[in-house]
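Reading through the structure tokens given below for one structure.
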Protein chains: 2
Amino acid sequence: MARDRKFSTEDLYHATKQILLEQGYDGFNFGLLAEKLNISRGAIYKYFDNREELIVHFMRHEMKIFLTDLKDVEQFPSFDEKLTFLLELIFKNPAVPRLIEIGQRLPIHENLKMKEDFFKLEDLRLKMYQQLQKFIDLGRQEKKLNPSVPDTLILGFIFQSIMIPNHFEIPQSKWVQSIKEILCHGILNHH
Amino acid sequence: MARDRKFSTEDLYHATKQILLEQGYDGFNFGLLAEKLNISRGAIYKYFDNREELIVHFMRHEMKIFLTDLKDVEQFPSFDEKLTFLLELIFKNPAVPRLIEIGQRLPIHENLKMKEDFFKLEDLRLKMYQQLQKFIDLGRQEKKLNPSVPDTLILGFIFQSIMIPNHFEIPQSKWVQSIKEILCHGILNHH
DNA sequence: GTCTAAAGTAACACAAGTGTCACTTTAGGT
DNA sequence: ACCTAAAGTGACACTTGTGTTACTTTAGAC
């Protein structure tokens with residue numbers, strides 16, 4: 001009953017991700033997005049009312065995928081195995097912490113529809129932190145974690161570590177291994 | 001021979017710092033700056049040709065102050081004392097790592113004058129890293145640092161730790177102490 | 001074939017920021 | 001008193017991005 005679409009929502013999200021990671025939140029605009037997809041800017045407005053709405057929906061999409069992967073952490077029984085899995089997952093998805101940070105920049109909207117969309121995204125972020133909290137709780141229970149350090153700081157360190165710039169281009173495997181080493185035992189020599 | 005100035009360069013830098021930290025690089029503009037200082041936008045162009053030039057000069061100003069403070073690290077003989085001083089210095093200047101990050105976003109300019117300004121800023125950043133490298137070298141020499149971990153990652157962890165968001169508003173002293181604990185000994189229980 | 005409705009386009013008015021320039025203001029030297 | 005030159009102003013032309021709208025295109029139902 002209508003002509004074929006020139007681009008799927010999936011295409012849209014893919015290009016959105018590229019632009020957000022390359023140019024940051026402020027660098028993202030519909031002109032760039034349309035250009036990347038070889039469509040006119042106006043076409044995007046057929047599917048999203050504005051830039052914020054598109055970004056919120058995109059963020060939810062990304063978050064859902066990450067949460068599905070994150071759920072597999074439950075399959076590992078011990079804290080150590082969970083930690084290894086978690087670090088690997090984060091380093092397989094280096095965009096996620098950056099996108100979460102970018103997501104924090106979304107302005108709070110008056111509009112009811114936008115408020116709902118925003119709330120759903122908040123809800124996913126909450127679900128993620130609950131999943132991570134279970135992991136921390138197990139670590140506490142197994143007496144594996146330093147009791148003098150707050151939960152949020154442990155999670156903060158894990159998530160922030162992905163954002164340390166690797167200016168000297170140290171190979172990924174060595175880099176991840178070293179991050180794990182510091183996270184677990186610190187920078188001091190413990191031998 | 002001329003009328004009095006309504007604002008000093010120091011005033012300009014102070015307002016610039018506020019805006020950059022509140023609104024980020026993209027949120028900064030001459031309109032906002034002029035408003036904050038109760039002057040007209042045009043007046044700023046009497047002292048700086050454009051936004052980038054102002055920001056580069058501001059960054060150099062900030063960096064010089066930080067480098068002066070950082071130089072005091074030399075007064076402490078041992079690695080442990082230097083580390084304590086360094087962490088305290090960073091947590092007394094939480095804006096510095098954020099400003100350095102913002103500084104990275106400055107576009108590379110064609111203009112010769114801007115290129116020079118930019119180079120001078122790069123030079124200051126280099127001086128900072130050289131100062132920090134001496135600190136790391138001492139740590140290596142004293143066999144205090146984990147030898148399997150690269151220098152840049154150690155510095156990265158130290159600088160990145162200031163940017164972990166303290167969402168649950170854990171008191172500053174407890175927060176800093178915990179960061180020091182993780183940096184030195186990791187998240188795992190080592191007792 | 002032609003009608004329909006979704007898909008896509010391009011031009012519009014608008015908003016916000018940029019850098020410039022002719023102008024006004026004013027402190028100090030004469 | 002008045003001239004000068006730096007300090008400051010406000011209007012202008014320009015750029016870039018926004019969201020809307022009237023329009024064209026096209027696949028499929030009839």
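Computation of the quantities below employed the complete heavy-atom set of this structure, encompassing side-chain atoms and omitting hydrogens, waters and symmetry-equivalent molecules. Sequence lines set the chain letters: A, B, ... in the order given, protein chains first and strands last, and positions in each chain run from 1.
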* Stacked cation flag Arg51(B) on Tyr25(B), 6.0 angstrom / 45 deg -> yes
* Asked: Under 4.0 angstrom, heavy atoms only, what part of the nucleic acid is Phe48(A) near: base, sugar-phosphate, or nothing?
  -> nothing
* **Side-chain N,O (Tyr45(A)) to OP1/OP2 (dT18(D)) below 4.0 Å** => no
* To do: Identify whether any heavy atom of Arg51(B) sits under 4.0 Å from a base atom; if not, whether one sits that close to sugar-phosphate; answer base, sugar-phosphate or nothing.
  => sugar-phosphate
* Ring center gap for Tyr47(B) and Phe7(B) short of 6.0 angstrom -> yes
* Can you check the Ile44(B) CD1 to dG19(C) P distance for me, whole Å? -> 11 Å
* **Nucleotide dT18(D), atom P - distance to CG of Asn29(A) in whole Å** => 5 Å
* Structure fact -> Correct closest heavy-atom pair for Leu132(B) and Leu155(B) would be CB-CD2, 3.8 Å
* Structure fact -> When rounded to whole Å, the OH to C1' distance for the pair Tyr47(B) and dT20(C) reads 17 Å
* Asked: When only distance counts, do a donor and an acceptor, one from the side chain of Arg3(A) and one from the base of dA7(C), lie under 3.5 Å apart?
  -> yes
* Short N-O contact, Glu74(B) and Lys134(B), less than 4.0 angstrom -> yes
* According to the interplanar angle, ranging from 0 to 90°, do the rings of Phe157(A) and Phe157(B) count as parallel (below 30°), tilted (30 to 60°) or perpendicular (above 60°)? -> parallel
* Leu33(B) CG to dG19(C) C1': how many Å, rounded? -> 15 Å
* Asked: For dT9(D), does OP1 or OP2 lie under 4.0 Å from any side-chain N or O of Lys46(B)?
  -> no
* Whole Å only: how far is the CG atom of Asn50(B) from the C1' atom of dC14(D)? -> 16 Å
* Residue met sooner reading DNA chain D from 5', once Ile39(B) and Asp49(A) are mapped to nucleotides -> Ile39(B)
* Asked: From the list dT18(C), dT9(D), dG8(C), which nucleotide is the closest neighbour of the side chain of Lys6(B)?
  -> dT9(D)
* Which nucleotide in the list dT18(C), dA7(D), dA11(C) gets nearest to the side chain of Arg41(A)? -> dA11(C)
* Length of the CG-P vector between Asp26(B) and dT18(C), whole Å -> 11 Å
* To the nearest angstrom, how far is Phe30(B) atom CZ from dG10(D) atom C1'? -> 17 Å
* To do: Please state how far atom CG in Asn38(B) lies from atom C1' in dT9(D), giving the value in whole angstrom units.
  => 14 Å
* To do: Consider the side chain of Ala43(A), meaning its heavy atoms from C-beta on, and name the nucleotide among dT9(C), dG8(D), dA7(D) that approaches it most closely.
  => dT9(C)
